[in-house]
Amino acid sequence: MHTLELTQQGCAPYAFPLSDSPVLIGRAPSNDLVVSDDQVSWHHAAVWLENGALHVRDMGSRNGTLLNGERIRGLGRIEEGDVVSLGPTTQIRLRTSPRATPAIALLLEQIDAGVRIPLRSDRFDIGSGAQCDLRIPDAPPRAATLLVEQDGEVVLATEDSAIALHHGQVFEIAGHHLRVVSVPPTHAPTVEPEEDRYPYALRVTLNGVTGPEATLEDTSVGLVYRVDAENRAILLYMLARKLTADLDDGMDASDAGWASDDEVSVGVWGKGGPSDANNLHVLVYRLRKELQKAGFDPWFIEKRRRALRVRLRGVRVD
């Protein structure tokens, strides 16, 4: 699903679903998106989808329409992560949900044993643990997790790395050779998100006893852990707030909570903070490691296409 996220200075972001029909933006009541910003023209700009690409056209506005800081002359094309400014204080961005692309039927093949197991959800655990989807007795309790995206990409996530796999690529877990293979959709179930994979509840606040705090609970076993490190707690706060806002706006839980890398980085470090994307990657990696050591599945923190979210059963933002 494609959505257009509109942000005005001092206001919460607003998400608007996109289709092939043009979306007219401006101050006039007849627009599809009516913007209460005196620096936006009566009829400012139009955006629309065409063959999967988002286009924008300035409608002769007084203050102009800028794409990544450059004024649009005629027609512009918006890519994921681009910033379109309608005057100096209103911006729009394209957001693409990972559910927007068709699901692909996939199987995990255990080459040594000559068996294939359908990947029935977007998470598949491998290890010796009782809850693993593929149990390998001589492996660690959770040796690896396969993260399945809706476009068919599969990521092999282990304690120390996350590697994108090509279909048919052989990998090894505890001496066993495995590979993911694709099959005609009529021969296997399509991949669907498993919403209750992570029975976690998160409570976050910026005003704890010593500053920002995040408390995570596994509601299935009563495990509770508090994240005190400031940047890590703020990261969870940002993602929890985004999830709460999307759910309050009526967004489907399977699509809710995605926050762009840019907005997360600004929330954690401020506008003058580090601009290197690797800083955010390192922060996410260290937080996952901390939570894994505390007994949680770290992959409830999802990272996709320059965006992040958390998958939770319950969330409270103080």
Side-chain angles (χ1 to χ4, degrees), residues 1-103 150-151 193 238-239 241-264 266-267 304-309:
M1 179 179 69
H2 297 286
T3 59
L4 193 68
E5 186 175 82
L6 184 142
T7 305
Q8 293 178 258
Q9 204 170 68
C11 300
Y14 176 77
F16 188 89
L18 290 170
S19 68
D20 294 337
S21 300
V23 177
L24 304 178
I25 307 173
R27 292 188 0 255
S30 58
N31 285 294
D32 301 294
L33 276 178
V34 180
V35 180
S36 57
D37 181 348
D38 289 342
Q39 298 179 83
V40 170
S41 294
W42 200 243
H43 298 287
H44 197 108
V47 297
W48 67 94
L49 281 171
E50 184 175 334
N51 297 323
L54 183 65
H55 300 276
V56 58
R57 182 184 297 279
D58 184 80
M59 306 295 287
S61 65
R62 180 181 295 259
N63 290 319
T65 301
L66 282 70
L67 176 59
N68 296 327
E70 297 291 331
R71 188 156 185 162
I72 295 172
R73 306 292 182 184
L75 186 66
R77 176 168 172 169
I78 306 174
E79 304 287 351
E80 183 84 17
D82 286 345
V83 177
V84 177
S85 300
L86 309 179
T89 58
T90 296
Q91 295 181 337
I92 58 175
R93 295 173 186 259
L94 172 67
R95 291 181 53 201
T96 304
S97 164
R99 287 174 57 89
T101 51
Q150 289 297 311
D151 61 2
M238 293 288 298
L239 297 178
R241 189 177 66 175
K242 180 62 173 173
L243 177 61
T244 301
D246 284 353
L247 293 176
D248 288 346
D249 286 342
M251 187 177 293
D252 189 274
S254 58
D255 293 325
W258 289 102
S260 71
D261 286 2
D262 289 342
E263 62 183 301
V264 173
V266 170
R304 296 287 188 276
R305 301 186 190 90
R306 296 175 63 185
L308 279 164
R309 75 167 177 178

Please identify which of these residues, Ile78, Val23, Asp82, Val84, meets the side chain to side chain contact (heavy atoms under 4.5 Å, CB included) condition with Leu54.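 For Leu54, the side chain to side chain contact (heavy atoms under 4.5 Å, CB included) check succeeds only for Ile78.
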
So, applying side chain to side chain contact (heavy atoms under 4.5 Å, CB included) with Lys242, which one of Asp246, Leu239, Thr244 is it?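 That would be Asp246.
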
Minimum heavy-atom distance [X]-[Y], with the two atoms named:
| X | Y | value |
| --- | --- | --- |
| Ala46 | Leu24 | CB-CD2, 3.6 Å |
| Ser30 | His43 | OG-CE1, 3.5 Å |
| Gly87 | Asn63 | CA-CB, 4.0 Å |

Full working for side chain to side chain contact (heavy atoms under 4.5 Å, CB included) between Val47 and Val56: CA-CA 4 Å; Val47 297; Val56 58; 3.6 Å; yes

Side-chain donor or acceptor of Arg309 paired with backbone N/O of Ala256 under 3.5 Å: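 Indeed, once roles are kept as given, a pair shorter than 3.5 Å links the two residues.
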
Do Ile25 and Asn31 come within less than 4.5 Å of each other through their side chains, counting heavy atoms only? no

Close side-chain approach of Glu263 and Arg93, heavy atoms under 4.5 Å: no

Tell me every residue that passes side-chain hydrogen bond (donor to acceptor under 3.5 Å, both in side chains) with [X], counting only those two or more places apart in sequence or in another chain.
| X | answer |
| --- | --- |
| Asp32 | none |
| Gln91 | none |
| Asp58 | Ser61, Thr65 |
| Asp249 | none |

I'd like to check the side-chain contact (heavy atoms from CB on, under 4.5 Å) partners of His55; sequence neighbours left out, ordered by chain and number.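 side-chain contact (heavy atoms from CB on, under 4.5 Å) check on His55 returns Trp48, Glu50, Ala53, Leu75, Arg77.
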
In Å, rounded to the nearest 0.5 Å, how long is the span from CD1 of Ile72 to OG of Ser85? 9.5 Å

Expected list for residues 33-40: side-chain donor-acceptor pairs under 3.5 angstrom, two or more places apart:
residue : atom : partner : partner atom : Å
Asp37   : OD1  : Gln39   : N            : 2.9
Asp37   : OD2  : Thr89   : OG1          : 2.6
Asp37   : OD2  : Thr90   : OG1          : 2.6

